[in-house]
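Report on the following structure.
Indexing begins at 1, ligand by ligand and atom by atom, following the structure's order.
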Amino acid sequence: MAEKTALCEAASLAPGEMARFELDGEDPMLLINDEGEFRLIDDDCTHAIASLSEGRLEGQTIFCPLHGGSFNIRTGKACSLPCKQALRTYDVRVEDGTVYFLG
Ligand code: FES
C-alpha cells in the first residue's frame, strides 16, 4: 500500500503558484497548483543543476531559470532544448484540504 505524506494545505497554494518540498529519502519535488489540480514533479532540471522552483510557469509549461529549457508539468515531458530528458511525475491526492504525496 502506498504511503502518504502531507505536503501542505491545498488553500495555501493558489492556481499558478508552486512550492518546493524536500522529503527524507526523496529527490526535491515541486508542487504546482495547475488550475485547481495539483501536480508534483521533480524540482531538479534534467539538463544541469537548477531548481525549477525558481523558474517561470506559463500555463502548463515550466521554464528552467538557468538555460530556459522547459517541461510540461502534467506529463513531465521536456518541451524545449536544452532539456531532453523528462522529469518524473508523482501522485498526489487532496484529502480534507490537505495535499498528500503518495509515495
Ligand atoms: Fe535547466 Fe539547463 S539547467 S535548462
Original post:
For ligand 1, is any non-hydrogen atom under 4.0 Å from Ala48's backbone (N, CA, C, O), its side chain (CB onward), both, or neither?
Top reply: both

Original post:
Do Glu26 side-chain atoms and Leu23 backbone N/O form a donor-acceptor pair below 3.5 Å?
Top reply: no

Original post:
Under a 4.5 Å side-chain heavy-atom rule over Ile, Leu, Val, Met, Phe, Trp and Tyr, are Leu13 and Phe101 clustered together?
Top reply: yes

Original post:
Could Arg93 and Tyr100 be counted as a cation-pi pair, given that NZ or CZ must be under 6.0 Å from the ring centre and within 45° of the axis?
Top reply: no

**OP:** Specify the protein heavy atom at minimum distance from atom 2 (Fe) of ligand 1: its residue, its atom name, and the distance to 0.1 Å.
**Re:** His67 ND1, 2.0 Å

**OP:** Run the numbers for me: atoms of ligand 1, each under 4.0 Å from some heavy atom of Leu66, listed by number.
**Re:** 3 (S)

Original post:
Has His47 got an N, O or S atom lying less than 2.8 Å from atom 2 (Fe) of ligand 1?
Top reply: yes

**OP:** Give a yes or no on whether Cys45 keeps an N, O or S atom under 2.8 Å from atom 1 (Fe) of ligand 1.
**Re:** yes

Original post:
Gly69 heavy atoms, cut-off 4.0 Å: which ligand 1 atoms fall inside?
Top reply: 4 (S)

Original post:
For ligand 1, which atoms, with element, lie under 4.0 Å from some heavy atom of Cys64?
Top reply: 1 (Fe), 3 (S), 4 (S)

Original post:
Any side-chain heavy-atom pair from Leu57 and Leu52 closer than 4.5 angstrom?
Top reply: no

**OP:** Under 4.0 Å from a heavy atom of Cys83: give me the atoms of ligand 1 that qualify, with their elements.
**Re:** 4 (S)

